[in-house]
Amino acid sequence: MRHLKKGLVAVTAGLAAVTLAGCSGGTGSTPSGGAAAPGQPITLTVSGWSLETTPEFQTIADGFMAKYPDVKVEVTEYDPVEYNTLLTTDLAAGSGPDIVTQKEVKFVSTFQEGGQLLDVSDVELPEGIGGAESYEIDATAYAVPYRQDSWVLFYNKDLFEAAGVELPDGSWTWDDYYAAAAELKDGIGDAKPIYNHTWQSVVQGFANGQSGVSLLDGDYGHLKPYYENVLEAEADGLQTAFNTASANKLTYQGEFGTQKAAMLPMGTWFVATLIAQQAAGEADDFEWGIAPIPQLDASTAGTDNTPVTFGDPTGFGINANIEESKVQAAKDFLAYAASDEAAQLLAEIGITPALQSEGVIETYFGVEGAPTDELSKFAYSTHETLPENPTSSKTAAIQTALADLHTAVLSGSTDIDDAIAEAEERVKNEGLVG
């Protein structure tokens, strides 16, 4: 028996029923705000990043323009690393885009407190869409989700079969996960059973979500058993050590894609990347699938239950300084981005939309190279996805403190108990909790 104990979260079972809801306006309609003069359509600008490798922005823009031919949408590219800093500067200078893409939920409060986001509570969203609550502050919505990735377990079927180890069946707890890793160890050559990337999310995201604890509470003792498991797995040779992964700048794409690891906890965004890399020969040719992430205990494990995981949405807000004549067009853009029509387009390019209907799931797994087994479809579509970053102006600073905790523990520089105590004292002293 390993270190995890029952948490506090009460999990609702079942996948929310999805009722399709159309966007405002019909095909060929003109948004009601600011009718365009002949030959001079309304132009909306949208912020984005890495446009060559992130096609979702142009995909949504093209779909919207096909529906609303009197509106032109231009995507403005920002550096992905400095995105929030650069965007904040532009918004403060009055030169920001009309549509403000929310790359990270932890910065929503920053934009809202700066008076840079319009109230979009009147934008109608389809029933069952995920992630909408992450954009609400004091019951007011400042953005709408179009994308909602969740963390799952990627696994290499070929390595499992070579080692004679049973494939994941959706019922695993963390005890089962590490037991399977131990079984794999001697049967997969030089490969590791597990690759845990260096991000704090890989440990803390699951600990927070599955223990029912918010990082805003300021108590982080629930992190201890998760870190104990990771350190024990490193000591047993079940996964690459944090220091090794950091020093060698290992990538999760490379470790899993070239079969150096049999299992990889990662977000669903990796599905599209892995498919593309295998098609281009950048990843090895092997059979893989996705399973629900291991659970704290059996109460949320298995295909008769709803596994608990984490993940933040990506969404669109509206610049509070947008021209009045463009407001309705911008709101129509947000409604379209959240719609089933846009979700289908995103699914076609391997992006996980915030709205998941049966048709969207069918489209997503119809992409050539995607896994076709039922467990992969279950893992993708059935889960309770809790936010990694609670919507608060204090979240970003708290996450910085917890990132330091993560590095201190996994680098071996600080004992777990001491690192937790230091983080708790730090967020208290900085006035972030209590």
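Computed from a predicted structure; not experimentally measured.
Residues meeting the salt bridge (charged side-chain N to carboxylate O under 4.0 Å, His left out) test with Asp285, sequence neighbours left out: none. Every residue two or more places apart in sequence or in another chain was checked for a salt bridge (charged side-chain N to carboxylate O under 4.0 Å, His left out) with Asp62, and none qualifies. For Glu234, there are no salt bridge (charged side-chain N to carboxylate O under 4.0 Å, His left out) partners two or more places apart in sequence or in a different chain. Residues that satisfy the side chain to side chain donor-acceptor pair (under 3.5 Å) test with Glu74, not counting sequence neighbours, are Lys72. Annotation: salt bridge (charged side-chain N to carboxylate O under 4.0 Å, His left out) contacts of Glu287 (sequence neighbours excluded): Lys157. With sequence neighbours excluded, no residue forms a side chain to side chain donor-acceptor pair (under 3.5 Å) with Asn319. Applying the ring pair (Phe, Tyr, Trp, His ring centres under 6.0 Å) criterion to Phe310, with sequence neighbours excluded, gives Trp151, Phe206.
The distance from atom CD of Glu82 to atom OG1 of Thr89, rounded to the nearest 0.5 Å, is 9.5 Å. If you take CG on Leu87 and NZ on Lys103, they are separated by 11.5 Å, rounding to the nearest 0.5 Å. Rounding to the nearest 0.5 Å gives a distance of 8.0 Å between CD of Gln112 and OG1 of Thr140. Here the CD-CG distance, from Glu228 to Leu223, works out to 11.0 Å after rounding to the nearest 0.5 Å.
With hydrogens and angles left out, the side-chain atoms of Ser381 and Gln356 include no donor and acceptor closer than 3.5 Å. Between the side chains of Asp169 and Ser171, at least one donor N or O lies within less than 3.5 Å of an accepting N or O. There is a side-chain donor-acceptor pair under 3.5 Å between Gln399 and Gln200. Donor-acceptor pairing under 3.5 Å is lacking for the side chains of Thr395 and Asn389. Under 3.5 Å, the side chains of His197 and Tyr195 contain a donor-acceptor pair of N or O atoms. In the model, Asp404 has no side-chain atom that pairs as donor or acceptor with a side-chain atom of Thr407 under 3.5 Å.
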Worked check of side-chain hydrogen bond (donor to acceptor under 3.5 Å, both in side chains) between Tyr146 and Glu56: CA-CA 10 Å; Tyr146 70 88; Glu56 61 202 67; 2.6 Å; yes
Take Glu388 and Ser201 through the side-chain hydrogen bond (donor to acceptor under 3.5 Å, both in side chains) test and state the conclusion after the steps. CA-CA 8 Å; Glu388 178 182 4; Ser201 307; 2.5 Å; yes
Worked check of side-chain hydrogen bond (donor to acceptor under 3.5 Å, both in side chains) between Gln204 and Tyr227: CA-CA 9 Å; Gln204 295 176 9; Tyr227 277 109; 2.9 Å; yes
Criterion ring-ring contact (aromatic ring centres under 6.0 Å, His included) on Phe256 and Trp288, from CA distance to verdict: CA-CA 10 Å; Phe256 190 78; Trp288 55 277; 7.3 Å; no
Apply side-chain hydrogen bond (donor to acceptor under 3.5 Å, both in side chains) to the pair Asp175 and Thr173, showing each step before the final yes or no. CA-CA 5 Å; Asp175 287 350; Thr173 63; 4.7 Å; no
Please lay out, stage by stage, how Leu159 and Phe286 fare under the test side chain to side chain contact (heavy atoms under 4.5 Å, CB included). CA-CA 9 Å; Leu159 289 180; Phe286 61 91; over 6 Å; no
Start with the C-alpha distance between Leu346 and Ile60, add both sets of side-chain angles, then the distance that settles side chain to side chain contact (heavy atoms under 4.5 Å, CB included), and finish with yes or no. CA-CA 8 Å; Leu346 291 173; Ile60 294 174; 4.1 Å; yes
For side chain to side chain contact (heavy atoms under 4.5 Å, CB included), just list the numbers for Val230 and Asn196, CA-CA rounded to whole Å, side-chain angles, deciding distance to a tenth of an Å, and then say yes or no. CA-CA 9 Å; Val230 171; Asn196 258 14; 3.8 Å; yes
Any chance you could lay out the ring-ring contact (aromatic ring centres under 6.0 Å, His included) test for Phe378 and His383, step after step, and finish with the verdict? CA-CA 8 Å; Phe378 175 84; His383 38 67; 8.7 Å; no
Thr101 and Thr314: side chain to side chain contact (heavy atoms under 4.5 Å, CB included), yes or no, with the steps? CA-CA 7 Å; Thr101 305; Thr314 309; 4.2 Å; yes
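Here the closest heavy-atom approach between residue Pro193 and residue Ile188 is recorded as N-CD1, 3.8 Å. Here the shortest heavy-atom pairing between Leu405 and Ala423 reads CD1-CB, 3.6 Å. When all heavy atoms of Gly209 and Val308 are compared, the pair lying nearest together is O-CG1, 3.8 Å. Nearest approach of Val427 to Gly218, heavy atoms of both residues: CG2-CA, 4.4 Å. Nearest approach of Ser246 to Thr198, heavy atoms of both residues: OG-CG2, 3.5 Å.
Annotation: Glu362, atom CD; neighbour count of heavy atoms from other residues, nucleotides and ligands within 6.0 Å does not exceed 12. More than 12 heavy atoms of other shown residues, nucleotides or ligands fall within 6.0 angstrom of atom CD in Glu161.
Aromatic rings from Tyr78 and Tyr83 are positioned such that their centres are separated by under 6.0 Å.
The ring pair (Phe, Tyr, Trp, His ring centres under 6.0 Å) contacts involving residues 339-364 comprise Tyr364-Tyr380, where partners must be two or more places apart or lie in separate chains. Applying the salt bridge (charged side-chain N to carboxylate O under 4.0 Å, His left out) test to pairs two or more places apart or on separate chains, none has a residue in residues 129-142. Within the structure, no pair that satisfies the ring pair (Phe, Tyr, Trp, His ring centres under 6.0 Å) test touches residues 95-129, not counting sequence neighbours. The salt bridge (charged side-chain N to carboxylate O under 4.0 Å, His left out) contacts involving residues 104-113 comprise Glu104-Lys106, where partners must be two or more places apart or lie in separate chains.
Inter-residue side-chain proximity for Tyr155 and Ile290 is flagged as unmet; no heavy-atom pair is nearer than 4.5 Å. Counting heavy atoms from C-beta outward, Leu215 and Pro390 have side chains that approach closer than 4.5 Å. Proximity of Leu386 to Thr309: side-chain heavy atoms (C-beta onward) are nowhere separated by under 4.5 Å.
Tested against Ile318 for a side-chain contact (heavy atoms from CB on, under 4.5 Å), the candidates Val123, Val120, Leu117, Asp98 yield a single pass: Val120.
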Cut-off 3.5 Å, no hydrogens considered: what does the side-chain donor-acceptor table look like for residues 257-270, sequence neighbours left out?
residue	atom	partner	partner atom	Å
Thr258	OG1	Gly254	O	2.4
Gln259	OE1	Asn156	ND2	3.0
Gln259	NE2	Asp284	OD2	3.3
Thr268	OG1	Asp149	OD1	2.8
Thr268	OG1	Ser150	N	3.3
Thr268	OG1	Thr352	OG1	3.2
Trp269	NE1	Tyr252	OH	2.9

